[in-house]
Number of protein chains: 2
Amino acid sequence: MSSEKLKNTGLKITNARLAIFGVFEQEQDKHLSAYNIQDRLKQTNIEISLATIYRVLGQFEEAGLLQRHEFDDDKALYELYDGEHHDHMICNKCSNVIDFIDDDINNRKDKVLEKYNFLMSGHRLVLYGTCNDCR
Amino acid sequence: MSSEKLKNTGLKITNARLAIFGVFEQEQDKHLSAYNIQDRLKQTNIEISLATIYRVLGQFEEAGLLQRHEFDDDKALYELYDGEHHDHMICNKCSNVIDFIDDDINNRKDKVLEKYNFLMSGHRLVLYGTCNDCR
DNA sequence: TTTATTGCAAAACCTTTGCATGTAT
DNA sequence: ATACATGCAAAGGTTTTGCAATAAA
């Protein structure tokens, strides 16, 4: 339940927060910009200002509920954080973002890290191209 | 020589274009924002408007002279395009961007692409962490 | 001379912030 | 009652664009 997860963050349970979190739970597109979220909410006759949406997204990210991504255009997209790292494929045609898990990447990276004496804290892998539906 | 490469693009050879391309050739930091470039040019008493810099960067990218990256903050960085793909490590402390070549990544990606029937046209891998100098 | 390029100022776009009002605890 | 959330309007930063002046071919 949304309210459970929200309660654990220490943030107050407000209509805005419930509504915004709700958008992510109703699993359509999973990668959403602030504007996307406002748009979705309007369709349910819920009006929330962008200022609040941006503030709440930031709080949710800090709380570990959401993950923030910046892909190619310069707007941030958010998605639910599921606890394990996954990577992304982005379709040039339909702009869809597809998650995938890459089991092998950690081993490969280690070689690079060692060579450069780089202490890695995170990584981002994005594949660009044409998705199954658009081929 | 700069002018050779520029000539091949079909773009007119102007002072602005020579100066901007020149900045990338004098190999210090290799990853530069529009503002960085303007700043560097000022140090040589060359004044070029940001409007022009943005336009030229776009043209150079289209011509294949430069590659555009958007890492974490929301400003674009450009670097010379050398014809072969390389990936990036970004240091949290000094913000330096380090290029590296990952020989194995192609094999890894193929599995994923096959599974999702995704036709890849490009990819981006960024490792975040602490670089050798900052450890 | 023709066409492309430049600078300026204004605008577009995404995101953040100050402040006064409203709401959860 | 207190502390936190919200909306509005304004402002921030990066990038784009219309237009008149300028320079390359």
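Order of the sequence lines fixes the chain letters, A, B, ..., with proteins taken first and strands second; residue numbering starts at 1 for each chain.
- OP1 or OP2 of D/dG7 sits under 4.0 Å from a side-chain N or O of A/T52.
- As a whole-Å value, the separation of B/Y78 OH from D/dT15 P is 7 Å.
- The side chain to side chain donor-acceptor pair (under 3.5 Å) pairs that include a residue from residues 126-135 of chain B are A/N117-B/N132, A/N117-B/R135, where partners are two or more places apart or lie in different chains.
- Remark: A/C91 SG to B/Y116 OH distance equals 14.5 Å, nearest 0.5 Å.
- Summarising the geometry, atom CD belonging to A/Q67 is positioned 12.0 Å from atom CG belonging to A/L77; distances are rounded to the nearest 0.5 Å.
- D/dG7 atom P lies 6 Å from atom CD1 of A/I48, rounded to whole Å.
- Using a 4.0 Å heavy-atom distance criterion, A/A51 is classed as a base contact.
- Looking at residues two or more places apart in sequence or on another chain, you find a ring pair (Phe, Tyr, Trp, His ring centres under 6.0 Å) between B/H85 and B/H123.
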| task | Evaluate side-chain hydrogen bond (donor to acceptor under 3.5 Å, both in side chains) for B/D99 paired with B/H31, printing each intermediate quantity in order. | result | CA-CA 10 Å; B/D99 293 350; B/H31 303 83; 2.9 Å; yes

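- Taking the six-membered ring for Trp and thresholds of 30 and 60 degrees, B/H86 and B/H88 have ring planes more than 60 degrees apart, a perpendicular arrangement.
- Remark on DNA chain D: of its neighbouring residues B/A34 and A/V56, the 5'-side contact belongs to A/V56, judged by nearest-heavy-atom nucleotide.
- Residue A/Y78 holds its OH atom at 11.5 Å from CZ of A/F60, rounded to the nearest 0.5 Å.
- The separation between B/L18 atom CG and D/dA24 atom C1' is 12 Å, rounded to whole Å.
- Here side chain to side chain donor-acceptor pair (under 3.5 Å) pairs that include residues 12-24 of chain A, with residues two or more places apart or in two chains, are A/R17-A/Q59.
- Within the model, atoms CD1 of B/I53 and CG of B/D39 stand 9.5 Å from one another, a figure rounded to the nearest 0.5 Å.
- The main-chain N or O of A/L11 is found under 3.5 Å from a side-chain atom of A/T9 such that the two form a donor-acceptor pair.
- Taken from NE2 in B/H69 to CD in B/E79, the straight-line distance is 3.5 Å, to the nearest 0.5 Å.
- We find that CD of A/E62 is positioned 12 Å from P of D/dA5, with the value rounded to whole Å.
- Between A/E47 atom CD and D/dG7 atom P the separation is 9 Å, expressed in whole Å.
- Going from atom CG of A/L50 over to atom P of D/dA10 covers 16 Å, rounded to whole Å.
- Rounding to the nearest 0.5 angstrom, the gap separating the CD1 atom in B/I20 from the CD atom in B/Q38 is 9.5 Å.
- When rounded to the nearest whole Å, the span between CD1 of B/I37 and P of D/dT14 equals 13 Å.
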Show me the protein contacts with nucleotides 19-25 of chain C, counting only N or O atoms at under 3.5 Å.
{"unit_1": "C/dT25", "atom_1": "OP1", "unit_2": "A/I13", "atom_2": "N", "d": "3.3"}

Under 3.5 Å, N/O pairs linking protein and nucleotides 20-22 of chain D:
none

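- Checking the phosphate oxygens (OP1, OP2) of C/dT16, no side-chain nitrogen or oxygen of A/Y54 falls inside 4.0 Å.
- Of the listed nucleotides (D/dT15, C/dT6, D/dG7), C/dT6 has the atom at the smallest distance from the side chain of B/R17.
- Each end of the helix from C/dT1-D/dA25 to C/dC13-D/dG13 gets its own axis from five base pairs, and the two axes differ in direction by 30°, given to 10 degrees.
- Going from atom NZ of B/K75 over to atom C1' of C/dC13 covers 17 Å, rounded to whole Å.
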